[in-house]
Number of protein chains: 2
Amino acid sequence: MPHGNQELRKAGLKVTLPRVKILEILESTGESTQHLSAEDVYRALLDAGEDVGLATVYRVLTQFETAGLVTRHNFETGHSVFELETGEHHDHMVCVSSGEVVEFNDPVIERRQQEIALAHGFEIVDHSLVLYVRKLPDQD
Amino acid sequence: MPHGNQELRKAGLKVTLPRVKILEILESTGESTQHLSAEDVYRALLDAGEDVGLATVYRVLTQFETAGLVTRHNFETGHSVFELETGEHHDHMVCVSSGEVVEFNDPVIERRQQEIALAHGFEIVDHSLVLYVRKLPDQD
DNA sequence: GTGCCTGCAAATTGTTTGCACTTGA
DNA sequence: TCAAGTGCAAACAATTTGCAGGCAC
């Protein structure tokens with residue numbers, strides 16, 4: 001019983017070929033893999049010779065999001081990107097020239113956010129922090 | 001010579017009725033005014049009896065953004081909202097139940113962001129921090 | 001006057017939905 | 001078997017663009 005079939009079942013989702021394939025693609029840890037758009041996943045499926053419709057990709061990704069298997073991000077790109085949920089919260093740094101995405105987590109910022117919300121009489125439900133960055137010239 | 005006509009000229013934009021009106025709407029400081037979507041601006045124009053096309057609203061807002069007169073935000077709402085540029089950077093807290101938007105600026109977080117980017121060999125070009133929050137019950 | 005602007009409608013892009021058909025349990 | 005899942009095409013929502021006519025300078 002391979003891969004994340006368990007997770008699919010646990011999420012109450014029937015183990016079907018498109019779902020398994022999409023999970024596999026999200027799991028494949030290529031460099032720039034991770035953070036894929038629906039289109040990206042769709043193309044990866046075609047490249048893999050799988051005949052899955054784009055609509056299904058959207059449906060499955062949305063189900064995965066609801067099930068907590070993936071997280072959806074809306075960077076400034078005009079479309080959503082999806083990432084496998086690892087359980088560990090992190091924020092993102094996106095390189096504006098290469099598109100490279102770096103994840104990070106900073107306890108100082110996290111704590112500060114809580115304090116700020118509280119000071120305004122709110123509790124944080126969720127948050128989104130994205131740094132748009134440019135690579136500095138090497139200067140070792 | 002009223003309002004921001006100067007700013008329009010300075011931006012190299014001809015002073016036309018739609019542009020002036022749209023600027024006025026963005027300047028009107030109603031509580032929940034500020035942070036308007038293209039639709040919001042469009043409706044405000046109609047309410048004011050002005051006959052401006054939605055396409056023009058989009059064009060003008062984009063020109064304003066390019067000119068640095070307004071800032072575009074992409075919260076998780078699926079559409080962009082625009083806000084008059086004040087020169088002072090700030091982040092946002094959006095109440096998930098009321099839609100209320102609170103602006104804040106925290107030097108600790110700002111500094112930390114710089115440090116983190118630097119530690120990864122990047123410089124920050126821009127950043128976006130949005131806290132999605134819920135109002136806490138009053139407990140004075 | 002003339003070139004920047006605008007309105008309208010049509011085109012795009014990203015995403016969702018209706019429906020007949022297929023498939024996993 | 002048979003409801004859940006899928007493919008396809010059509011529907012949608014937000015935004016952009018082409019073009020003929022208008023308005024600021």
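Note that these values count all heavy atoms, side chains included, but never hydrogens, waters or copies made by symmetry. Convention: sequence-line order gives letters A, B, ...; per-chain numbering from 1.
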Which residues pass the salt bridge (Lys or Arg N to Asp or Glu O under 4.0 Å) test with [X], sequence neighbours left out?
X: B/Glu115; result: B/Arg112
X: B/Glu85; result: none
X: B/Glu39; result: B/Arg43

Under 3.5 Å between N/O atoms: give me all the protein pairs with nucleotides 1-4 of chain D, atom names plus distance.
unit_1: D/dA4; atom_1: O4'; unit_2: A/Lys14; atom_2: NZ; d: 3.2

Worksheet item: Who pairs with A/His120 by ring-ring contact (aromatic ring centres under 6.0 Å, His included), at least two apart in sequence or on another chain?
Response: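 ring-ring contact (aromatic ring centres under 6.0 Å, His included) check on A/His120 returns nothing, list empty.
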
Margin query: Test of understanding: with ring-ring contact (aromatic ring centres under 6.0 Å, His included), list the residues that count as partners of B/His90, not counting sequence neighbours.
Written below: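 Scan of B/His90 (ring-ring contact (aromatic ring centres under 6.0 Å, His included), adjacent residues dropped) gives B/His92.
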
For C/dC5, does either OP1 or OP2 sit under 4.0 Å from a side-chain N or O belonging to B/Thr56?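 No, because none of the side-chain N or O atoms of B/Thr56 sits under 4.0 Å from OP1 or OP2 of C/dC5.
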
Tell me the interatomic distance from [X], atom [atom1], to [N], atom [atom2], rounded to whole angstroms.
X: A/Gln6; N: C/dA25; atom1: CD; atom2: P; value: 12 Å
X: A/Leu45; N: D/dC8; atom1: CG; atom2: P; value: 13 Å
X: B/Phe64; N: C/dT6; atom1: CZ; atom2: C1'; value: 14 Å
X: B/Tyr42; N: D/dA13; atom1: OH; atom2: P; value: 16 Å
X: A/Leu17; N: D/dT6; atom1: CG; atom2: C1'; value: 11 Å
X: A/Ile22; N: D/dG7; atom1: CD1; atom2: C1'; value: 13 Å

message = Please list all pairs meeting ring-ring contact (aromatic ring centres under 6.0 Å, His included) that have one or both residues in residues 37-70 of chain B, counting only residues at least two apart or in different chains.
response =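 Qualifying pairs: none.
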
| task | Hey, could you give me each pair passing side-chain hydrogen bond (donor to acceptor under 3.5 Å, both in side chains) that has a residue in residues 45-54 of chain A? Not counting sequence neighbours. | result |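 Every pair satisfying side-chain hydrogen bond (donor to acceptor under 3.5 Å, both in side chains) with a residue in residues 45-54 of chain A: there are none.
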
Can you confirm whether the side chains of B/His79 and B/Asn74 place a donor and an acceptor under 3.5 Å from each other?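 Looking only at side-chain atoms, B/Asn74 and B/His79 do not form any donor-acceptor pair under 3.5 Å.
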
Extract from the structure each pairing of a protein N or O with an N or O of nucleotides 14-16 of chain C at less than 3.5 Å, listing the distance.
unit_1: C/dT15; atom_1: OP1; unit_2: A/Ser80; atom_2: N; d: 2.9
unit_1: C/dT15; atom_1: OP1; unit_2: A/Ser80; atom_2: OG; d: 3.3
unit_1: C/dT15; atom_1: OP2; unit_2: A/Tyr58; atom_2: OH; d: 2.6
unit_1: C/dT15; atom_1: O5'; unit_2: A/Tyr58; atom_2: OH; d: 3.3

